[in-house]
Structure formats: C-alpha cells, structure tokens
Amino acid sequence: MAAEFEARDFHARGVQIRNLRVSYQTPQGDIPAVNGVNLSIAPGKITGIIGESGSGKSTLAMALMNTVPRPGRIISGSVVVDGIGDMLTIDKESRRRAHGRHLGFVFQASQNSLNPLRRIGAQVLDLGRSHNVKDLRALIKRAKELLGKMGLNADRVLLSYQHELSGGMRQRVGIMFALVLDARVVILDEPTTALDMLSQASVLQIVRQIHQERHLTTVLISHDMGVVADLADNVVVMYGGELAEQGSTEEVLAHPLHPYTQGLIKAIPRISGPLDQAVALPGLPPDSAALMAHGCLFAGRCPKRLPVCGESRPTYESVGQGRYVACFRVAGHD
Amino acid sequence: MIEIKNLTKVFPARKGLLGHDAIKAVANVCFSIPEAGSVSFIGESGSGKTTIGRILAGLETPSSGDIWIQGVNVTKMPQAERRRFLRQVQLIQQDPYQALNPARTIEQALGDPLKVIARERGQDSAWIQTRMHDVLHRVGIEPGSVLNKYPHMLSGGQRQRIVIARALTVDPKVLVADEAVSMIDVSLRLGVLKLLKDLREQFGISLLFITHDVASARYVGQNGQLFVIYKGMVIESGPTDQIIDQPYHPYTQALLSAVPVLKGLENPGPDRFIPLRGDDQELIPDTVCLYQPRCPFAQTKCREERPALQGTEHAHACHFPVVRRVVATVRANEG
Amino acid sequence: MSVAESTSVSPKTPRVPSGHPTFIHTAWRVIAKKPGRIVGLAIILFFALMAIVGPYLYPRQLPINPNAIYAAISWKYPLGTDFEGTSNLALIVTGARYVLFAAFMAAIFTVVIGTVLGLVSGYYLGWSDSVIMRITDFVLTIPGFPLLVVLSTVWNFGQPVAMGFVLGITGWGGLARAVRSQTLSLRERGFIEAAHTLGLSPVHILFKEILPNIGSYIAMNLLLAVTGSIYAEVGLFFLGVVPFQVNNWGVMLNLAVFSAGAMSSVQALPYLLSPLIALLVLTLGVVLFLDAVDELFNPRLKEA
C-alpha cells in the first residue's frame with residue numbers, strides 16, 4: 001500500500017459520463033436533476049461546469065463521486081474514471097477508497113466539511129488512517145508542503161481549529177485535503193462563492209498552479225461565468241439538468257452558440273469596454289413544469305425562440321471539434 | 001446632499017475568553033454623496049466598509065465625526081429624532097434571506113412601514129395598496145405573484161428585489177447597498193444592479209454601493225466616485241473610471257487584478273499580479289504603511305512612515321504611486 | 001440542492017382563489033397528514049367537550065346506590081362505581097371541568113407571563129433585563145410543589161382560576177429564559193435591523209416580527225404546560241393537602257388509595273384506574289398532537 005502511495009504516476013485521468021440520470025423524490029413526484037448527461041472530461045484539463053442554482057451542476061458533481069444525498073437517487077448511467085472503473089457499480093469499499101485517494105472533492109463552503117472540534121492536523125491523520133496510509137509522517141509533510149505552496153503558515157494551520165481560519169484559508173485547507181492523498185481527479189464545487197475578490201483570485205491561482213504541477217484532471221463547478229472563463233480550459237454549460245453547450249473556453253466565450261450561453265456572457269458586468277453591452281438575463285430558471293414539458297428547457301426565456309422550440313427538445317449534437325450544443329437555431333439540427 | 005466628515009468608529013476592547021483589543025473599524029473617512037449621485041466603496045471583507053454603511057443607516061453610532069444630511073448634523077440629534085430622520089437612508093443588506101422575516105408574507109413586510117407612513121400623512125388603506133403595487137412595479141415584480149407568499153417561496157433575486165421595494169416604501173433619499181448582489185446567482189446579478197442604477201437615474205435616489213467587486217461598482221456608478229478602503233482607511237479615491245484606468249495604489253491594483261479575465265474576450269492587463277494572501281497581521285503600528293506587510297512593491301520608506309491621502313480629485317495614500325496596467329482589455333475580435 | 005426552490009415558484013401550484021388560504025384550512029391540511037395527529041386532536045377535543053358539557057349531563061348531586069358499592073364493570077356502570085355506588089364514569093365526566101379548566105388557566109398564565117417577560121428582557125437588555133432575569137431566577141428556585149402545599153393551607157382552591165393562577169405564577173420561569181434566548185438571537189437578524197431603519201415601533205418589532213418566529217415554540221409550551229399543570233393539581237388532590245370541595249380526578253385517586261384501599265383490594269381497582277386512564281389518554285392525545293404544532297406555527301414549513 002505504502003509503495004503504491006509513494007509512486008506518483010503522471011498519467012492524467014479522464015472521466016466518461018454516459019447517460020447519467022439523477023432525480024429527486026418529492027411529494028409532487030420525481031423531479032429530474034440531471035437528465036441524460038453524456039460528457040467526457042478530458043484528462044489533464046480544467047473543465048468548468050457552469051449553471052445557475054437548480055441547474056443540476058452540484059448534483060452532477062456528487063454523482064461523479066456517487067454520493068448523491070437523499071432524497072436524490074441515481075437512476076441510470078455510468079461514470080467511468082480511468083484506472084478505477086464505473087463509480088456507480090464498484091463495491092462500497094473500493095468507492096470509499098477512491099474518495100480522497102483518486103478523486104478529491106472540495107466543498108462549496110469548506111467549513112462544513114471540516115470537523116469543528118478537531119485540529120486540522122488531527123483531521124489529516126484521521127484521513128490517512130482511514131485510507132491505511134502507513135507513513136503518516138510523510139502524509140503530514142505533504143500536507144505542510146501543500147499549505148506552504150498556498151501561502152499559508154503550515155505549522156500554524158495544522159494546529160488550528162476551523163473557526164480560527166478565515167474563509168479564504170479554510171478553502172485552501174479544503175483544497176489541501178482533496179490533494180493530500182495524491183488524488184488524480186479533483187472536483188471543486190463552487191470553491192470561491194463565499195470569498196471576496198482577492199481571496200477568490202488567489203484560490204483560483206492556487207488551483208491553476210497545482211493543476212499544472214500535478215497533472216491533475218480538474219472539474220470546476222460554478223455559477224460564475226467569470227470564474228470559469230478565467231480558469232477553465234473547457235466549458236460545459238448546464239441548464240435545467242441537461243447540457244446546453246460545451247467547447248473550449250476561448251471558443252465558447254468568443255462565439256457562444258446557445259442563446260443561454262450568450263445571455264450568460266452578456267450578463268457579466270465587465271471591468272473594461274462599453275457598459276451598455278451588459279444585459280440582464282430575463283426570466284427565472286425552469287420550474288418543475290418546464291422540466292416535465294416536451295419543449296426546449298430554455299424556450300420560456302429565449303429571445304430567439306422558434307415555433308419548434310415549444311414542441312420538442314433539441315438534441316445535444318456535435319458541431320465541430322469538441323463543440324456540442326443543444327439548440328434548433330444551430331446548423332445540424334433540423 | 002450627504003456630507004461625512006472624519007468618520008471614526010472604534011469597537012471597544014472586550015475582556016474575557018472571546019475578548020479582543022479595541023478595533024478601529026473606520027478611521028477618519030470623509031466623503032460626500034450628491035443628490036442622485038453614486039459613491040462606491042470597495043475593499044475586502046473586514047475592511048470596515050460595512051460599518052460605514054451601517055453608521056449611515058443609523059444601526060451603529062460613530063465614535064467621532066459628523067454626518068450632515070441636507071444641511072442637518074445628524075450626529076447632534078436626540079436618538080428618537082435621529083432614527084426618524086435617518087429613515088431617508090435605507091440599507092440593502094447582503095443576505096436577502098436574513099433581511100426578510102420568514103414568518104411574514106410579502107404583503108405584511110411591505111405593509112408595515114407603509115402603515116406608519118400612512119398614519120403620519122393621514123392616508124387611508126387604499127393609499128397603502130396603491131403604494132404597495134407602485135413600489136413592486138418599480139422593482140420589476142408583478143404584485144399578484146408575490147403578495148401572499150412567504151420569503152422562502154421566492155428565489156434569491158426576487159427576494160432582493162422585495163427588500164429593495166420595502167426600502168422604497170419610506171421614500172428614501174439614499175440607498176446603501178452593502179454587497180447587495182453577492183448572494184445572488186451571477187446570472188441574476190446584473191438585473192438587480194440595473195435596478196439600483198435605474199432607481200438612481202429615474203427617481204433620483206442616491207446610491208452608496210459597498211462591494212468587493214470593482215466590476216459591479218463600475219456598472220452601477222460609472223460616473224460616480226470610487227473609494228478604495230483598506231483596514232478602515234481610504235487609500236485611494238476619485239472618479240470611478242479614472243481609478244480603474246489609472247490606479248495608483250498597489251492595493252487598488254490588486255483588487256483590479258483579481259477581477260476574472262474572460263478568456264476569448266479579454267486580454268489580461270500586462271502588469272496583472274495576483275498576490276497570494278498571506279496571514280493577516282493583526283496589529284500594524286501607526287508609523288508604517290497599512291498595506292506594507294502585503295505589498296509586493298514595499299520599500300524601506302513604507303516601513304518607516306505612514307503615507308497620508310494626497311491629491312484632490314484623484315487621491316491616493318502611497319509613497320511610491322506607479323500606475324500599473326492591471327485591468328483586462330477587450331479583445332479586438334469581439335462583436 | 002435548490003430543486004425544491006425552483007419547484008416552489010411553480011405556476012402550477014393550485015392557489016386558493018380568495019388569496020390567503022384560511023388558517024383552519026391550512027391547519028386541517030397539516031393535521032390530516034398523519035393519522036396520529038388526527039387521533040391526538042380527537043382526544044383533546046373529546047376531553048374539552050367533556051369539560052364543557054359534562055356537568056350538564058348529570059344531576060348536580062350524583063345518584064348513589066348502596067346496593068352497588070364498588071360494583072364491577074357492567075353496562076350500567078361502564079367504569080364501575082365508588083364507595084357510595086356512584087358511577088365512576090359520571091365522576092370522571094363531571095370532574096373533568098375543574099381539572100382541565102384549572103390546567104388551561106395555568107398554561108395561559110405560564111405562557112403569557114413567560115413570553116412577555118422573555119421578549120421584553122431579550123429585546124431591551126440593559127436594566128430591565130437584569131431585573132426580569134433576577135425575578136426569573138427567583139421563580140425558578142422556588143420549589144413549586146411545596147409552595148402549593150403551603151399556600152393551600154391559607155387559600156381556598158375551590159375556584160379553578162385560583163388554582164390555575166398559582167400553578168401559572170410558579171411555572172413561567174423556564175419559558176421566560178427560553179424565549180429570552182431566542183429573542184436574543186433573533187434581534188441580531190437582518191429583518192429586525194431593517195425594521196429599525198424603517199422606523200417601526202418596538203411594540204411592532206416585539207409582537208409582529210419576533211413573536212411569530214417563536215410561535216411554534218410557544219404553542220408547544222402551551223400544550224406541555226397544560227399536561228404539566230394537570231399532573232400538579234391531580235398530585236395536590238391526591239396527597240390530600242387541598243380540601244375536597246369539588247369532585248375531580250385527583251380526589252378520586254386519593255379516595256381510591258387511602259379510603260378504599262385500592263392498592264390491596266381488587267374490588268376498588270376500577271375506582272383507581274378510571275382517573276388514571278383518563279389522565280393517560282389525555283396525555284397521549286397532547287403528545288400525539290404536539291407533532292403537528294411545529295408545522296402549524298412554523299412559517300418555513302408552509303407550502304406555496
């Protein structure tokens with residue numbers, strides 16, 4: 001075990017999601033949160049998944065780990081992580097080992113994932129023990145190395161309780177936990193939401209650095225187009241539990257194809273350029289009625305809607321190298 | 001219309017287990033907000049910008065300094081009178097989930113302050129109804145769809161609009177928006193920012209916009225004043241556009257660098273730098289520059305003397321002001 | 001996950017045309033969710049009805065029957081009879097009024113005093129808080145039951161209001177402390193600050209903004225105070241420290257144990273058991289219904 005732990009392989013791992021369906025059971029019936037998602041997460045790249053609250057992006061992240069909380073339930077599909085297998089079918093024990101060891105997860109507000117009654121260092125040791133790490137001294141050394149790289153006083157942080165750390169520091173500690181066991185795939189769920197701009201910028205910078213140094217595959221979940229556009233290599237846009245568009249960040253931002261993506265980009269207040277280009281996105285996210293309807297999920301808010309948009313849902317089609325979109329307005333859909 | 005002079009707020013020291021030393025949250029801050037004007041305060045959390053807004057709204061009392069509103073010195077007023085007078089200043093809080101009473105419907109939330117006003121002005125309940133519909137329309141909400149609802153049944157964006165509508169019921173002259181959009185989904189933020197901008201432009205309600213996001217400060221207050229605040233002190237101030245184009249202070253430059261760059265649409269500024277935030281030093285002696293422990297450009301003088309705010313229109317508090325081009329520029333191919 | 005949030009704004013949700021669904025309407029929907037709640041409500045209503053109309057069902061002087069002393073359970077005497085041959089059922093039914101009315105009054109006194117003092121103390125702080133909390137501590141340290149025993153020697157408890165008042169006046173301390181601590185945390189919340197800046201009066205803030213947020217807690221305490229008071233007064237009568245002027249459950253228990261020797265003779269067992277079962281069933285009803293109270297008074301649990 002220890003030998004395997006020391007040997008670092010530098011092959012980045014990809015993730016293939018096939019036909020993933022997750023739904024939440026409510027008294028009003030099952031509500032689809034992730035509805036038939038097919039997505040290949042490129043190894044060695046930062047993939048940003050963007051969507052507003054209720055778009056299913058966080059559920060998708062949890063489904064990657066097979067940790068969807070009740071009343072949510074994975075209905076069908078597969079999540080194959082290179083070198084591990086299908087997260088949805090492997091046995092419980094291998095799945096538990098995969099968490100931390102292969103898949104690192106950074107929670108939205110890291111304070112919720114830290115034990116308030118134990119020092120950070122003690123929690124690192126707990127993590128090591130539950131993963132049968134033999135050399136705990138080396139583990140602490142790696143934790144210190146990571147914290148130092150993130151501009152923290154490692155000795156002080158390891159002796160602290162979570163309430164003694166600021167929001168930005170906690171988020172960094174969260175990243176350290178995700179990486180200390182040498183995870184190859186890191187999932188960050190809204191890593192900067194509660195932070196101010198400076199802390200956000202430094203957390204993004206840290207993620208960028210560590211991603212490069214360790215040849216990680218990074219999945220960044222955010223509702224903030226700016227954060228994704230700054231950090232990610234590829235962008236995946238989610239809307240109402242389905243994928244709306246994906247492609248390389250530069251491509252998607254410069255030439256968005258889906259009207260929702262176009263709306264999102266226009267709704268960013270910018271630091272330069274003319275101000276009157278900024279236009280708010282009208283309307284509200286789709287409700288359960290819209291999720292059940294036959295038409296395009298975005299039809300109700302779409303400035304470019306066609307008669308067909310109210311009748312059937314556009315399929316998610318490839319429209320070029322790594323580019324996909326689900327819109328009747330785009331060539332390739334009839 | 002509003003003139004703030006030498007505003008200082010010290011939270012006294014507290015003894016005991018959870019005690020702390022005296023904290024100077026705001027130190028000698030001066031600014032003024034013209035009629036229908038806009039002033040933005042930017043800074044990170046804990047910089048004291050929130051305290052300034054709370055003082056203005058009457059939720060905190062200043063330790064020293066004067067607040068003049070329409071020629072009246074508010075700090076000299078007896079408490080009851082001051083509270084009534086300060087109704088002209090309404091605070092829009094960061095968290096619309098906290099700002100609305102979960103046990104009361106939207107109709108009740110808006111009706112309460114309207115009843116007080118109606119009593120003062122001798123108006124009847126029909127007037128209350130008209131006003132209620134009026135303020136809801138102003139914030140872009142169809143009254144029928146929300147009046148009977150409880151706050152938890154609305155989305156974050158709707159809730160913040162309701163909070164703004166409630167503030168409008170008392171005919172404020174100034175809105176203090178403290179991180180008013182930071183809890184709202186980014187896709188809905190611009191809508192609320194535009195609302196604040198429209199209220200200023202159409203109804204002449206001045207705006208004090210408190211934020212950590214320079215881009216949204218630019219959106220709501222492009223032709224207004226911008227104050228960069230660090231550890232309770234103003235370290236750079238001037239017209240918003242001028243500060244964004246030609247920032248002097250390294251802290252301002254750090255804040256501007258921190259705005260995410262949209263790949264494919266923008267090029268990062270050539271001088272962009274992102275300082276890794278170090279551990280905060282609790283106490284900085286009065287004799288050194290406040291920002292010096294974190295400043296990547298600090299020199300010997302910065303550790304020996306605290307720089308004063310210098311300049312008139314565009315002022316800064318830095319010994320070695322150098323304009324750095326840290327702001328992203330729009331790529332030519334856009335559009 | 002915010003799936004729930006997006007569903008709550010669904011236009012498909014049926015809306016009552018008159019605007020607000022009435023309180024009775026929502027209350028019934030909440031209660032009907034679980035059968036236990038319905039049973040609880042039914043039991044409470046049953047006893048309330050018994051207290052109101054019970055005494056009118058029987059003659060003022062209950063008939064005695066020397067031929068049926070300690071009679072066994074039969075169609076004529078569903079719960080047996082007492083030492084005079086009076087029907088136990090009649091005793092339970094006519095005795096309910098005093099017990100329940102006194103308990104209800106006690107609960108009202110407890111809740112009103114505890115809530116008002118707790119609210120004022122937690123909201124104003126300062127000297128009023130110090131004074132109220134010292135009084136509260138004092139009340140909390142008074143051993144309530146012995147005090148009642150002492151008081152009963154000088155006070156006539158023939159009137160249930162008097163009994164309720166004494167039980168209430170000694171019982172509000174805990175509630176006042178709890179309400180105060182909830183008020184303390186609520187007063188820091190954004191909506192209270194907003195109410196200040198909007199110029200709303202302190203009375204409005206206390207009773208319209210803060211009180212509804214602790215409504216479910218207070219309603220639960222009201223119900224619990226009812227059961228607590230019932231035990232206290234029945235206990236007093238059982239011990240015999242209060243003169244028996246009226247017929248009630250506590251008196252029955254006392255006579256069954258100390259006069260009829262129900263602990264040793266099987267004969268008088270129905271006499272002992274009938275008030276005990278009445279108490280048990282009523283408590284069960286309150287406990288079952290408590291489950292619904294939180295949902296009834298907690299606005300966050302209300303549906304669109």
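Bear in mind that the values here come from a model prediction, so they are computed numbers and not experimental data. Chain A is the first sequence line, chain B the second, and so forth, proteins listed ahead of strands; every chain is numbered from 1. Every heavy atom of this structure was used, including side-chain atoms; hydrogens, water molecules and symmetry mates were not.
Checking each of B/Ile235, B/Val26, B/Ile52 against B/Ile229 for a side-chain contact (heavy atoms from CB on, under 4.5 Å) leaves exactly one that passes, namely B/Ile52.
Within the cation-pi definition used here (under 6.0 Å to the ring centroid, within 45° of the axis), B/Lys197 qualifies as a partner of B/Tyr219. Both the sub-6.0 Å distance and the 45° axial angle are not jointly satisfied by A/Arg301 relative to the ring of A/Tyr260.
The contact between B/Ile184 and chain A is made entirely by backbone atoms, counting heavy-atom distances below 4.5 Å. In this structure, the portion of B/Ile244 lying under 4.5 Å from any heavy atom of chain A is its side chain and not its backbone. With a 4.5 angstrom heavy-atom cutoff, A/Asp233 touches chain B via backbone and side-chain atoms both. Neither the backbone nor the side chain of A/Val235 comes within less than 4.5 Å of any heavy atom of chain B. Neither the backbone nor the side chain of A/Ile50 comes within contact range of chain B; no heavy atom of the residue lies under 4.5 Å from a heavy atom of that chain. Contact annotation for B/Val261: both backbone and side-chain heavy atoms come within less than 4.5 Å of a heavy atom of chain A. Looking at B/Leu255, the atoms closer than 4.5 Å to chain A (heavy atoms on both sides) sit in the backbone and in the side chain alike. In this structure, chain B has a heavy atom under 4.5 Å from the side chain of A/Leu264, while its backbone stays farther away. At a 4.5 Å heavy-atom cutoff, B/Ile42 makes no contact with chain A through either its backbone or its side chain. With a 4.5 angstrom heavy-atom cutoff, A/Leu204 does not touch chain B via any of its atoms.
In terms of heavy-atom pairs under 4.5 angstrom with chain A, the leader among B/Arg189, B/Glu179, B/His212 is B/His212. Chain A forms the most heavy-atom pairs under 4.5 Å with one residue out of B/Ser182, B/Ser216, B/Ala328, and that residue is B/Ala328. Contact tally against chain A (heavy-atom pairs below 4.5 Å) for B/Lys194, B/Met183, B/Arg218: the top residue is B/Arg218.
Judged as a ring-ring contact (aromatic ring centres under 6.0 Å, His included), and not counting sequence neighbours, the contacts of B/Tyr251 are B/Tyr230, B/Tyr291.
Aromatic rings of B/His314 and B/Tyr248 (six-membered ring for Trp) have centroids within the 6.0 Å cut-off, being under it. Taking the six-membered ring where the residue is Trp, the centroids of B/Phe209 and B/Phe227 are separated by 6.0 Å or more.
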- [ ] Run the numbers on A/Met225 and A/Ile268 for side chain to side chain contact (heavy atoms under 4.5 Å, CB included), then give the verdict.
- [x] CA-CA 7 Å; A/Met225 188 54 122; A/Ile268 309 171; 3.5 Å; yes
Open item on the list: Run A/Thr192 and A/Asp224 through side chain to side chain contact (heavy atoms under 4.5 Å, CB included) and show every step you take.
Closed with: CA-CA 9 Å; A/Thr192 62; A/Asp224 190 338; 5.9 Å; no
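Counting only residues at least two apart or in different chains, salt bridge (Lys or Arg N to Asp or Glu O under 4.0 Å) contacts with residues 248-265 of chain A comprise A/Glu250-B/Arg331, A/Glu251-A/Arg323.
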